[in-house]
Amino acid sequence: MSAHATGSVPVGDDPGDVQIAAVLPAQLVAAVHHLVDAATAADGVPPLSEHVTLHLRHGGEGPDRHLLVALPGGGLAGYAHLDPTDQVAGAAAELVVHPAHRGRGLGRRLVAAAERLSPAGRLRLWAHGDHRAARRLALALGYHEIRRLEQWRRSLFPPLPAAQVPAGVTLRPFRPGTDDSAWLALNARAFAGHPEQGGWTERDLHARTAEGWFDPDGFLLAEEDGELIGFHWTKVHGGTTQGDGAAGHAHDPIGEVYVVGVDPRQQGRGLGRALTVAGLARLRSQGLAQAMLYVESDNTPARATYTSLGFTHWDTDVMFSRELHDHTG
């Protein structure tokens, strides 16, 4: 299978069959990134999550599969990433079709291929930005909505409240290579009920600290009596920042409340709010105009905290699910 690394997609070529790969060579990784760039420019929202983008660039630890629809003249008309590792919730897939090749049934072909590869009789599909065509496809194929992950934003120009850190707690930057194990243990405790985040390994951490956007000074740790009890990892997208895609983000820089975690034993001390404010202050000191974050639509306490800090809803990613054995026989 060949693919141009230039991103050019001949509109007149008839796409071939869905092809499956466990690992992609660099040429095809570049082709996927160019496909993603074209879709992002057309839709206004990236079609793949950070998780998938990092797996593309660094490779995954599990039996991930890459599904590709190649063009005879080179390039890609469609791509899907399948993560089959969650045997309880079911495999998860994210897919994208080049804007020049939509309306030809390629999305259906990619979903059908992902369904055949799903080991637990269930498949979950992400629709980033709740894209209308993606929603229409999911519902037409018998999927139903099960999760909404919302993006919220806040201007950093208005004043921020004071970061009221509990007595005896100090904030300091993350030290790569020194804090890795302690932070991973804290992250696992803080997100014990959230396997996507709480299940991070050393490889997951190092994949992110190797990215161009990583800044240890923006990774704040809360420490008490020599023990890590909370953290706020901030991130900056856009501008000249690279690392989120083949060509970075073509927009003004924006700060992100990337991950805020608190040891469950420390709940009720106001530490999560203090860490959030401290991270926002850090982003504001960098001259950024806006901050963003992601929050589950049913996380009432977090939504209340973010509302009180001036965040409002901006966009929504939606997950759909289907029991495959009901349809495939």
Say you draw a straight line from [atom1] of [X] to [atom2] of [Y]; how long is it, rounded to the nearest 0.5 Å?
X: Trp152; Y: Thr316; atom1: CH2; atom2: OG1; value: 10.0 Å
X: His33; Y: Leu76; atom1: NE2; atom2: CG; value: 12.0 Å
X: Asp17; Y: Ile20; atom1: CG; atom2: CD1; value: 10.5 Å
X: His206; Y: Glu202; atom1: NE2; atom2: CD; value: 4.0 Å
X: Thr307; Y: Arg154; atom1: OG1; atom2: CZ; value: 12.0 Å
X: His232; Y: Leu280; atom1: NE2; atom2: CG; value: 6.0 Å

Start with the C-alpha gap between Arg153 and Gln151, add the side-chain angles, then the distance that decides, and say whether side chain to side chain donor-acceptor pair (under 3.5 Å) holds. CA-CA 7 Å; Arg153 294 194 179 188; Gln151 183 187 144; 2.7 Å; yes
Applying side chain to side chain donor-acceptor pair (under 3.5 Å), run through Glu94 and His128 and close with a yes or a no. CA-CA 9 Å; Glu94 303 181 30; His128 295 290; 2.9 Å; yes
With distance as the sole test, does [X] use its side chain to make a donor-acceptor pair with the main-chain N or O of [Y] at under 3.5 Å?
X: Asp317; Y: Gly129; answer: yes
X: Arg102; Y: Val97; answer: yes
X: His144; Y: Ser321; answer: yes
X: Arg208; Y: Asp204; answer: yes
X: Arg122; Y: Val88; answer: yes
X: Trp200; Y: Glu196; answer: yes
X: Asp179; Y: Arg175; answer: yes

Beyond-backbone contact of [X] with [Y], side-chain heavy atoms, under 4.5 angstrom:
X: Val236; Y: Ile254; result: no
X: Ile229; Y: Leu186; result: no
X: Leu82; Y: Ser118; result: yes
X: Leu221; Y: Pro173; result: no
X: Phe214; Y: Pro176; result: yes
X: Glu223; Y: Arg172; result: yes
X: Leu123; Y: Arg322; result: no
X: Val257; Y: Tyr294; result: no

Side chains of [X] and [Y]: donor-acceptor distance under 3.5 Å anywhere?
X: Arg284; Y: Gln286; answer: no
X: Glu256; Y: His237; answer: yes
X: Arg104; Y: His101; answer: yes
X: Asp37; Y: Thr40; answer: no
X: Arg147; Y: Ser297; answer: no
X: Asn187; Y: Gln197; answer: yes
X: His55; Y: Asp83; answer: no

Shared hydrophobic cluster, [X] / [Y] (ILVMFWY, side-chain heavy atoms < 4.5 Å):
X: Leu149; Y: Ile146; result: yes
X: Leu48; Y: Val23; result: no
X: Tyr258; Y: Leu220; result: no
X: Leu160; Y: Leu293; result: yes
X: Leu139; Y: Leu125; result: yes

Salt bridge (charged side-chain N to carboxylate O under 4.0 Å, His left out) evaluation trace for Arg57 with Glu211: CA-CA 10 Å; Arg57 191 151 52 243; Glu211 291 291 289; 2.5 Å; yes
Minimum heavy-atom distance between [X] and [Y], given as atom pair plus value:
X: Leu288; Y: Pro253; value: CD2-CB, 3.7 Å
X: Lys235; Y: Leu283; value: O-CD2, 4.0 Å
X: Ala133; Y: His131; value: N-ND1, 3.1 Å
X: Ala167; Y: Glu224; value: O-OE2, 3.8 Å
X: Ala222; Y: Leu271; value: CB-CD1, 4.1 Å
X: Gly218; Y: Thr234; value: O-OG1, 2.7 Å

Can you spot which of Val111, Leu95, Leu110 makes a side-chain contact (heavy atoms from CB on, under 4.5 Å) with Leu67? Leu110
Please say whether more than 12 non-hydrogen atoms of neighbouring residues, nucleotides or ligands are located less than 6.0 Å from CD in Glu145. yes
Anything under 30° is parallel, anything over 60° is perpendicular, the rest tilted; go ahead and classify Phe311 against Tyr306. perpendicular
Measure up the His81 and Tyr79 rings against each other and bin them: parallel (under 30°), tilted (30 to 60°), perpendicular (over 60°). tilted
Could you go through Gln19 and Val69, starting from their C-alpha distance and side-chain angles, then the distance that decides it, and tell me whether this counts as side-chain contact (heavy atoms from CB on, under 4.5 Å)? CA-CA 6 Å; Gln19 301 180 51; Val69 179; over 6 Å; no
Does the ring center of Phe174 lie less than 6.0 Å from the ring center of Phe219? yes
Pair Arg282, Asp215 - check salt bridge (charged side-chain N to carboxylate O under 4.0 Å, His left out), show working. CA-CA 11 Å; Arg282 160 71 185 172; Asp215 177 7; 2.5 Å; yes
Could you walk me through whether Tyr143 and Arg124 satisfy the side chain to side chain donor-acceptor pair (under 3.5 Å) test, starting with their C-alpha distance in whole Å, then the side-chain angles of each, then the deciding distance to 0.1 Å, before giving a yes or no? CA-CA 8 Å; Tyr143 287 77; Arg124 296 171 295 155; over 6 Å; no
Please step through side-chain contact (heavy atoms from CB on, under 4.5 Å) for the pair Thr209 and Asp180, ending with a clear verdict. CA-CA 10 Å; Thr209 58; Asp180 295 16; over 6 Å; no
Candidate pair Glu115 and Arg108, rule salt bridge (charged side-chain N to carboxylate O under 4.0 Å, His left out), full reasoning: CA-CA 10 Å; Glu115 289 177 347; Arg108 285 176 176 264; over 6 Å; no
